[in-house]
Amino acid sequence: MDIAALEKRRVEIQWRCDGLRTQADRNRLGQFATPPALALEIVEASAAMLDGDARIHFLDPGFGTGAFYSALLSSTAADRIETAAGFEIDSHYGAPAQQLWSGTGLDLRLADFTAAPAAAATVNLLICNPPYVRHHHLSASDKLRLRRLSHAIGMKLNGLAGLYCYFMAIAHSQLEPNAVSAWLVPSEFMDVNYGQAVKSYLLDMVTLTRIHRFNPNDVQFADALVSSAIVWFKNAPPTDTPVEMTFGGSLQAPTTSDVTSRQELRSESKWTRLPKREDYCLTTPGGIRLRDLFTIKRGLATGDNSFFMLSEERVTELGISHQFLQPILPSPRYLKQDTIFAGENGLPLIQPRLFLINTSLPEDRLRAADPNLAAYLETGKETVGKGYLCSSRTPWYSQENRPASPFLCTYMGRSDGKDKNTFRFIFNESKATASNVYLLLYPKPTVANALENPETARRVFDFLREIPMERMRSEGRVYGGGLHKLEPKELANVSADEIAPLLFSIELIVGTQIDLPHSGAET
């Protein structure tokens, strides 16, 4: 076989097939091909983990056009490959792949791997880039079927798991003892709640050998904004052998490399913190957290910002009474300042100034109280009102209860490489609330009393702005292209030990002890 010629044809087929699918379709189906150079690196690293010169029984359950199989053929002696098999659910890619690889000894089945009859444990080298299908693209019946299959092997996945997690679970039964598995998957499983089942599988059911996480700024798939990791393990009972954790660079020359124990992995909730790097300022165990000072909530999910959030000019044009309007901050990109000053009636001194329609009056009473607002809402009743959020509310135009908070934090941002600006804290002196592009920090009672002193409020804000950005990033999760996100519970878990001296002064001001966990910080 002329493997180089076959690989050239394979790349052409991949390019042509991708071009016949829209980006939206490929995102829904999770079709993102492994780059050839990366496929070769993964295959070489995986084959090196096999015992001695063991003959290879290869499986790729998410075959695509065969990037891994091609890499295996080009890097391994032909007489060492005993069997090779693959599954591809989409004939758009699978049919031309069958033609391309016919006569090479490959058993490629155009079928859904997750629905195929259970096979005997005959595979000793499994390498896969499974479909990146997110949970909301899976039907309820498919989720139920997949969860049952994953639970059968002890991986108790919940409904938020992506399809790749089920692939890992279902493939387990086909692995011979000591078989090597390599999975190219989104790194988010290392941080999110649904990933706990995957991490338990890796720690308790197999021998995890290495995880390499790519730098999120170095996206492996040009057409998929996902941060990727490669997970290697052997189908053997877990041992005390340290796990190699690498980050950035290439597989052969990572930027950072270290080893860690299963015990440390078990105690670390976010595996993306490993290997520990010099730029990490991580949470101190047992110290003060932001949750000890604030109740943190996501901003308003209006159901349709363009409909419910109106400019001052639009409010005047419609003739709507301010009785049913609440000032609301615009998107962070429109806020050039980090302090929102208040003008008359607590209105924010910013541009653009927006107002949220905020009333729970029934329609008949609203028509009597403000006919102009009722008429405007009527224009969206059959469109906006039928949306997912609005249709679950009574009345459909009512909003969540989100009073103005003195401090806000943007919940999503990119890393600029200068340890700043990924997330922004904002000091809000106005009565404006905020939408769900912000996290709202509501001070707990004793702290709220202290914040009545403007100087104390400013000192607390200064402290928030001084929290090391890497500490905040380490509590959240990251996506391809360096896009970071913080959920309320993640921001709440950010270490705040440095605020101890300020808390001591607040106790003196308020005259009441603030009930917080012990901090090692000197006061």
Side-chain angles (χ1 to χ4, degrees), residues 1-18 31-51 53-88 93-94 96-109 113 123-132 164 167 171 174-175 179-185 209-212 214 218-224 228-234 246 249-254:
M1 291 183 291
D2 185 345
I3 303 303
L6 287 171
E7 170 61 7
K8 181 179 179 182
R9 285 175 56 197
R10 187 197 68 79
V11 172
E12 291 171 351
I13 290 169
Q14 184 73 54
W15 181 84
R16 185 172 66 250
C17 289
D18 285 347
Q31 297 168 330
F32 302 106
T34 310
L38 178 59
L40 183 60
E41 280 191 294
I42 294 173
V43 167
E44 290 178 341
S46 304
M49 296 180 187
L50 287 170
D51 295 333
D53 295 325
R55 296 177 71 79
I56 293 173
H57 297 270
F58 171 80
L59 173 65
D60 181 351
F63 195 83
T65 59
F68 291 127
Y69 180 60
S70 179
L72 180 68
L73 292 177
S74 66
S75 62
T76 308
D79 59 359
R80 193 183 174 195
I81 304 173
E82 186 78 13
T83 62
F87 285 83
E88 177 51 51
Y93 293 90
Q98 272 187 329
Q99 293 182 350
L100 175 67
W101 300 114
S102 63
T104 65
L106 173 69
D107 176 16
L108 177 56
R109 305 171 199 179
F113 171 70
V123 175
N124 69 349
L125 180 61
L126 186 150
I127 306 177
C128 185
N129 168 13
Y132 283 26
Y164 70 94
F167 262 66
Q174 300 195 27
L175 300 176
V180 172
S181 286
W183 294 88
L184 174 56
V185 295
T209 56
R210 180 185 178 187
I211 297 179
H212 177 83
F214 293 99
D218 180 18
V219 178
Q220 299 304 304
F221 304 94
D223 46 5
S228 304
I230 306 169
V231 179
W232 283 275
F233 60 84
K234 286 191 174 185
T246 57
S250 65
L251 302 189
Q252 290 82 8

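Model, not experiment: these values are computed from the prediction.
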### Task
Check whether any side-chain heavy atom of Gln14 sits under 4.5 Å from a side-chain heavy atom of Val11, and report yes or no.
no
### Summary
Between Ala71 and Leu40 the two heavy atoms that sit nearest each other are CB-CA, 3.7 Å
### Query
To the nearest 0.5 Å, what is the distance between CD1 (Ile42) and CD1 (Ile230)?
3.5 Å
### Task
Quick one: sort the Phe167 and Trp183 rings into parallel, tilted or perpendicular, breaks at 30° and 60°.
perpendicular
#### Entry: Leu38 side, atom CG; Phe68 side, atom CZ - distance, nearest 0.5 Å
6.5 Å
#### Entry: Which atom of Ser250 lies closest to which atom of Glu41, heavy atoms considered
CB-OE2, 3.6 Å
### Query
Can you tell me if Ser75 and Glu44 form a side-chain donor-acceptor pair at under 3.5 Å?
no
### Query
Would you say the side chain of Cys128 lies within less than 4.5 Å of the side chain of Leu184, judging by non-hydrogen atoms?
no
### Task
Answer yes or no: does atom CG of Asp2 have more than 12 heavy-atom neighbours from other residues, nucleotides or ligands under 6.0 Å?
yes
### Message
Please tell me whether Tyr164 and Asn129 have a donor and an acceptor in their side chains that are separated by less than 3.5 angstrom.
### Response
no
### Message
To check you understand the geometry: which heavy-atom pair defines the closest contact between Val123 and His57, and what is its length?
### Response
CG1-O, 3.4 Å
### Asp51 and Lys234 ion-paired at < 4.0 Å
yes
### Task
Let me see the working for Ser181 and Leu175 under side-chain contact (heavy atoms from CB on, under 4.5 Å), right down to the final yes or no.
CA-CA 8 Å; Ser181 286; Leu175 300 176; 3.5 Å; yes
### Message
Determine whether Val43 and Ile127 satisfy the following criterion, side-chain contact (heavy atoms from CB on, under 4.5 Å), listing intermediate values before the conclusion.
### Response
CA-CA 7 Å; Val43 167; Ile127 306 177; 3.8 Å; yes
### Query
So, the side chain of Gln98 versus the backbone of Leu108: is there a donor-acceptor pair under 3.5 Å, distance only?
yes
### Query
So, do Glu82 and Ile56 sit near enough that their side-chain heavy atoms are less than 4.5 Å apart?
no
### Query
How long is the gap from CZ on Arg9 to OG1 on Thr65, to the nearest 0.5 Å?
12.0 Å
### Query
Is there a side-chain contact between Gln31 and Pro131, using heavy atoms and a 4.5 Å cut-off?
no
### Task
Classify the side-chain pair Trp232/Ser46 by whether it contains a donor and acceptor separated by less than 3.5 Å.
yes
### Query
Mind checking whether Ser70 and Leu6 have side chains closer than 4.5 Å, heavy atoms only?
no
### Query
Is the shortest side-chain N to carboxylate O distance from Asp107 to Arg109 below 4.0 Å?
yes
### Task
Evaluate the side-chain proximity of Phe58 to Thr76: yes if any heavy-atom separation is below 4.5 Å, no if none is.
no
### Task
Applying side chain to side chain donor-acceptor pair (under 3.5 Å), name anything that partners Thr209, two or more places apart in sequence or on another chain.
none
#### Entry: Test log, rule side-chain contact (heavy atoms from CB on, under 4.5 Å), inputs Tyr93 and Asp18
CA-CA 9 Å; Tyr93 293 90; Asp18 285 347; 2.6 Å; yes
### Query
Any side-chain heavy-atom pair from Ile81 and Leu72 closer than 4.5 angstrom?
yes
### Query
With distance as the sole test, does Asn124 use its side chain to make a donor-acceptor pair with the main-chain N or O of Leu50 at under 3.5 Å?
no
### Query
Which pair of heavy atoms, one from His212 and one from Pro254, lies closest together, and at what distance?
CE1-CB, 4.0 Å
### Query
Is Glu7 paired with Arg10 through a side-chain N to carboxylate O contact shorter than 4.0 Å?
yes
#### Entry: Test of ring centre spacing under 6.0 Å for Phe63 and Phe87
no
### Query
Is any side-chain heavy atom of Pro130 closer than 4.5 Å to a side-chain heavy atom of Pro61?
no
### Message
Tell me whether the rings of Tyr69 and Trp101 are parallel (<30°), tilted (30 to 60°) or perpendicular (>60°).
### Response
perpendicular
### Query
Do you know the tightest heavy-atom contact between Ala171 and Phe113?
CA-CZ, 3.8 Å
### Task
Go through the steps to decide whether Leu59 and Leu125 satisfy the test side-chain contact (heavy atoms from CB on, under 4.5 Å), and finish with yes or no.
CA-CA 6 Å; Leu59 173 65; Leu125 180 61; over 6 Å; no
